[in-house]
Amino acid sequence: MKGLSPIPTDRMLRFLVFGLCLVATVPAQTQQAPDPPTNQAEDNKQLLQRVQELEEEVKQLKAQPTAPPATAAPEPEQPRIAEAPAVNEIAPRLKLNVFGDVGAQAYNHTPDTFLFGSLDLFMTARLSDKVSTLGEVLFIAQNNNVIELDVERLLLQYRQSDYFTAAIGRFHSWVGYYNSTFNYGEFLETTTDRPFIYAFDDQGGVLPMQEVGVTLTGKIPSGTMGLHYVVEVGNGRAWGPGVEAAQNNQDANNGKSINGGLFLRPEAIFGLQLGFSLRHDNLSIPGPAVSETIATVHGVFINSNYEILNEGVLVRHVEPTGPVFRTTAFYTQFSRRFRAWRPYFRYQYFNANDHDPLYLYASPNDYSPAYVNAFVGRVNGPSTGVRYDFTQHSALKLQYDRISERGLATVNGLTFQIAFTF
Amino acid sequence: MRRAKNVGRAFTAIVIWVMTAATGLILSVGPLGAAGDPIVVIVNSSNPVNNLSMGELRKLFLSDRAKWDTGRPVSPVMRAAGAPERTQFLRVVCGMDDADFDRYFLLAAFAGKFPTPSKVVDSARDVRRIVGNSPGAIGFVRSSDFYMDRDSGSVIKTVTIDGLAGTDAAYKIRM
């Protein structure tokens, strides 16, 4: 027994009390819980284990702000794109927009008629961060009822920065504001047609609206003035009996047309644009060559409710030994939106010399009666109408024109047009 | 006596006219001092820009400016059409409604300008997330929606507009 230490009396006493308490409580517990004592021990073990698990979880939660477990971090959820951009994407790179217009027309000198206006397929693609391309194919009804296919624009553009963009191909020239802003696609125009001075060459227009060449555009550092420049070099317009106006594949001479323009968009008056352009070309026509200079000036203001367009054009034709021929033109257009309705008014004036050496080859004016085969010269008069956007992408227009032409009776006409895009 | 009656009628008419005009004016102006929740403009924290003028902000969202001074491409992002903060932002900053905004980009594309339209998402959370993930992105959310959560963390920040923060009384872009 040597080696065994005696049990202290107070410890024995405590052990005895604990044992008596245990004996006293066990019957009570056995009455309350039907499980045998072995299951109770198991439960206690499980409870202890659960407490330990919960303690672990609390520890983890407390530690989360400083060191979140890698496995707990959810995968970043991709934001959902709610809608397609305004231009429809039909392939990873290609975007397509279609414009169309149909309608009816009643003029006092021609039979009343329904109209197929045009179907315009407009495509763009971004080839890289800096390179983009644009194509526009047009189906348009001619006066002889034939619907002709016309590749209106094809352009490859390189954008170095906001200050320098270069493009090459066939494009609408920066002669005036209207021609560079509104192309085909009547939906984007307030009126049913372009101002006469900016009519396309196959519709009685005399200005070079299309160009094949290169164009440089960009901003000029000018603070809040918003100054921009445009420079264009191209083949210029061809004149002659039965020739295509745009010199797509062969220039008639080595001289190139040069067009330059400046415009500003001051930050302080959003929607205001003031600018001018100056263009020169030496034209090869049957007979002596003609030097052509075109100057334009514009002041426009467009915001959500108002549209105020004003442009003036001066064209100067000089033969080497002959006289100088001047053409003057202007138009002013005002419209105000009232919800989906937009009433508008436009007055336009165009006056060319009857003996102008180039306009001798021009097609008859757009408003001239069908029996008039020659270019008329002076055209002027008011147009008024209303545009109603019955959906976000379709508009109905009704326009009244009263047009005077030199030597001809005044024309009164009503045009109804539905223009849309999809 | 008759003169006194006429004067009285004229006085009554003037009072009614003034009250009518004042009522119309009050109704058209709305409750005085009822400034709405500010709409704050957010950029990625790595973007050194801390202030923009209203004109610069307009250019960024109308794709009239393609790159930041750092050379990074500008990537605007906003909620889908119909979201109240989008409607209000376009009205105050661009002077447009949703239809004008769409037409602006259509016209710009048709004019050969190759604009970059805003990325459009469903929620303010997605706006924050895209701005947080893209160094060149810029967006806007209600100030109540601007908070640092697990998605954006500390990677987005607000910029002042014309030197004013959303907390300033003179801040213009509000609900």
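Keep in mind that what you see is a predicted model, and the values were worked out from it rather than measured. Numbered from 1 within each chain, the chains take letters A, B, ... in sequence-line order. Side chains included, hydrogens not; waters and symmetry mates left out as well; all remaining heavy atoms used.
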S.K.: Would B/Phe110 and A/Phe99 count as a close aromatic pair, with their ring centres under 6.0 Å?
M.R.: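 Aromatic pair counts; centres sit under 6.0 Å.
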S.K.: Please give me the minimum heavy-atom distance between B/Ala111 and A/Ser180, naming the atom from each residue.
M.R.: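 That closest heavy-atom pairing would be CB-O, 3.7 Å.
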S.K.: Out of B/Asp98, B/Asp100, B/Val77, return the one with the most heavy atom pairs under 4.5 angstrom to chain A.
M.R.: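 Counting heavy-atom pairs under 4.5 Å, the top option is B/Asp100.
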S.K.: Would you please go through residues 152-169 of chain A and name the residues with a non-hydrogen atom below 4.5 Å from one of chain B, in numerical order?
M.R.: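 Answer by number: A/Arg153, A/Gln157, A/Arg159, A/Gln160, A/Asp162.
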S.K.: Specify the closest pair of heavy atoms between A/Thr181 and B/Leu107, including all atoms of both residues, with the distance to one decimal.
M.R.: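 What the structure gives for the nearest pair is O-CD1, 3.9 Å.
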S.K.: At a 4.5 Å cut-off on heavy atoms, which part of B/Leu90 comes close to chain A: side chain, backbone, both, or neither?
M.R.: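 Neither the backbone nor the side chain of B/Leu90 comes within 4.5 Å of chain A.
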S.K.: Would you name the heavy atoms of B/Arg103 and A/Phe187 that are closest together and state the gap between them?
M.R.: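 Taking every non-hydrogen atom into account, NH2-O, 4.2 Å.
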S.K.: Can you tell me how far the CG atom of B/Asp64 sits from the CZ atom of A/Phe270, to the nearest 0.5 Å?
M.R.: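 Between atom CG of B/Asp64 and atom CZ of A/Phe270 there are 8.5 Å.
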S.K.: Non-hydrogen atoms of chain B under 4.5 Å away: do they reach the side chain of A/Ala125, the backbone, both or neither?
M.R.: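 Just its backbone gets close to chain B.
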S.K.: If contact means a heavy atom pair closer than 4.5 Å, which residues of residues 262-269 of chain A contact chain B?
M.R.: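 Residues of residues 262-269 of chain A touching chain B at under 4.5 Å: A/Arg265, A/Glu267.
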S.K.: Measure B/Arg91 against the heavy atoms of chain A and call it side chain, backbone, both or neither at under 4.5 Å.
M.R.: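 Neither; nothing under 4.5 Å.
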S.K.: Do you know the tightest heavy-atom contact between A/Ser304 and B/Gly95?
M.R.: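 Looks like CB-O, 3.1 Å.
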S.K.: I'd like to verify something: which residue of A/Arg126, A/Glu136, A/His172 has the highest number of heavy-atom pairs under 4.5 Å with chain B?
M.R.: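 Of the candidates given, the most pairs with chain B belong to A/Arg126.
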S.K.: Pick one of side chain, backbone, both or neither for B/Lys59, based on which atoms fall under 4.5 Å of a heavy atom in chain A.
M.R.: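 The side chain, not the backbone.
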S.K.: Looking at B/Lys113, B/Arg58, B/Arg65, B/Lys67, which one has more heavy-atom pairs under 4.5 Å with chain A than the rest?
M.R.: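 Option with the top pair count is B/Arg58.
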